[in-house]
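Take a look at the structure set out below.
Bear in mind the structure is a predicted one, so any value in this text is a computation, not a measurement.
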Amino acid sequence: MNDLSLTILPEAAGDAQAIERLHERTFGPGRFVLSAYRIREHVDHLLALSFTARIGTLLVGSVRQLPILIGETPALLLGPLTVEPPFRDRGIGRQLMERALKDAKAKGHRLVLLVGDEPYYGRVGFKQVAKGRITMPGPVDAARILVFELVDGAFEGVSGVVGPDWSKARG
């Protein structure tokens with residue numbers, strides 16, 4: 001990022017509309033049928049663990065994390081992660097992810113799950129989950145379920161259905 005001055009900050013409540021417009025542009029209306037969105041319908045993302053990327057005042061990227069359970073095990077679901085198309089391939093997505101993972105670990109979280117492309121997310125340490133170990137609501141390609149251990153061994157013995165952490169559900 002030599003040519004741009006990038007700022008990554010925790011998401012603020014006032015960022016919601018701009019982030020939703022970014023999601024509309026980058027993911028389109030089909031995003032609402034995806035497994036991860038089914039979980040997001042019930043539990044809000046955590047502002048303190050969700051981040052925006054800005055160049056000056058222009059919002060160019062966003063990553064969110066929300067509380068989930070994998071079976072009985074608490075975890076975070078990372079996503080959506082998105083960057084405005086003209087600003088892709090400049091490391092912004094990676095910087096957003098690294099900040100999200102670093103802060104999640106600092107706040108005592110142990111495990112992060114996402115649905116995405118292993119060649120991209122594997123570069124920061126996400127690993128493919130063995131087929132059948134985790135089940136998500138709705139349609140999902142099992143090869144795209146990835147996990148990141150914030151604490152070594154945190155995924156050991158973890159399996160089951162992924163769902164919202166109902167203790168943090170909207171009232």
Quick one: pull up [atom1] in [X] and [atom2] in [Y] and give me the separation to the nearest 0.5 Å.
{"X": "Y120", "Y": "L81", "atom1": "OH", "atom2": "CG", "answer": "5.0 Å"}
{"X": "I92", "Y": "S62", "atom1": "CD1", "atom2": "OG", "answer": "12.0 Å"}
{"X": "K105", "Y": "L111", "atom1": "NZ", "atom2": "CG", "answer": "12.5 Å"}
{"X": "K102", "Y": "M97", "atom1": "NZ", "atom2": "CE", "answer": "15.0 Å"}
{"X": "L114", "Y": "Y121", "atom1": "CG", "atom2": "OH", "answer": "6.0 Å"}
{"X": "S159", "Y": "I70", "atom1": "OG", "atom2": "CD1", "answer": "9.5 Å"}

Report yes if the side chains of [X] and [Y] come closer than 4.5 Å at any heavy-atom pair, otherwise no.
{"X": "L6", "Y": "R90", "value": "no"}
{"X": "H45", "Y": "L47", "value": "yes"}
{"X": "R54", "Y": "D15", "value": "yes"}
{"X": "Q65", "Y": "L113", "value": "no"}
{"X": "L49", "Y": "H109", "value": "yes"}
{"X": "L76", "Y": "L46", "value": "yes"}

Is there a path of hydrophobic side-chain contacts, each under 4.5 Å between heavy atoms of I/L/V/M/F/W/Y residues, joining [Y] to [X]?
{"X": "V112", "Y": "V151", "result": "no"}
{"X": "L59", "Y": "L9", "result": "no"}
{"X": "L77", "Y": "V161", "result": "no"}
{"X": "L58", "Y": "F51", "result": "yes"}
{"X": "L69", "Y": "V43", "result": "no"}

* Parallel, tilted or perpendicular: which describes the rings of F126 and F148, with under 30° parallel and over 60° perpendicular? ->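 Tilted: the ring planes of F126 and F148 meet at 30° to 60°.
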What's the shortest heavy-atom distance between [X] and [Y], and which atoms?
{"X": "I19", "Y": "E11", "answer": "CD1-CD, 3.4 Å"}
{"X": "L150", "Y": "A104", "answer": "CD1-CB, 3.8 Å"}
{"X": "T82", "Y": "L96", "answer": "O-CD1, 4.3 Å"}
{"X": "R64", "Y": "S50", "answer": "CA-OG, 3.3 Å"}
{"X": "Q128", "Y": "L146", "answer": "CA-CD2, 3.6 Å"}

Please answer whether the main-chain N or O of [Y] pairs with a side-chain N or O of [X] as donor and acceptor at a distance below 3.5 Å.
{"X": "R99", "Y": "I8", "result": "yes"}
{"X": "R88", "Y": "V83", "result": "yes"}
{"X": "D141", "Y": "A143", "result": "yes"}
{"X": "E149", "Y": "F155", "result": "yes"}

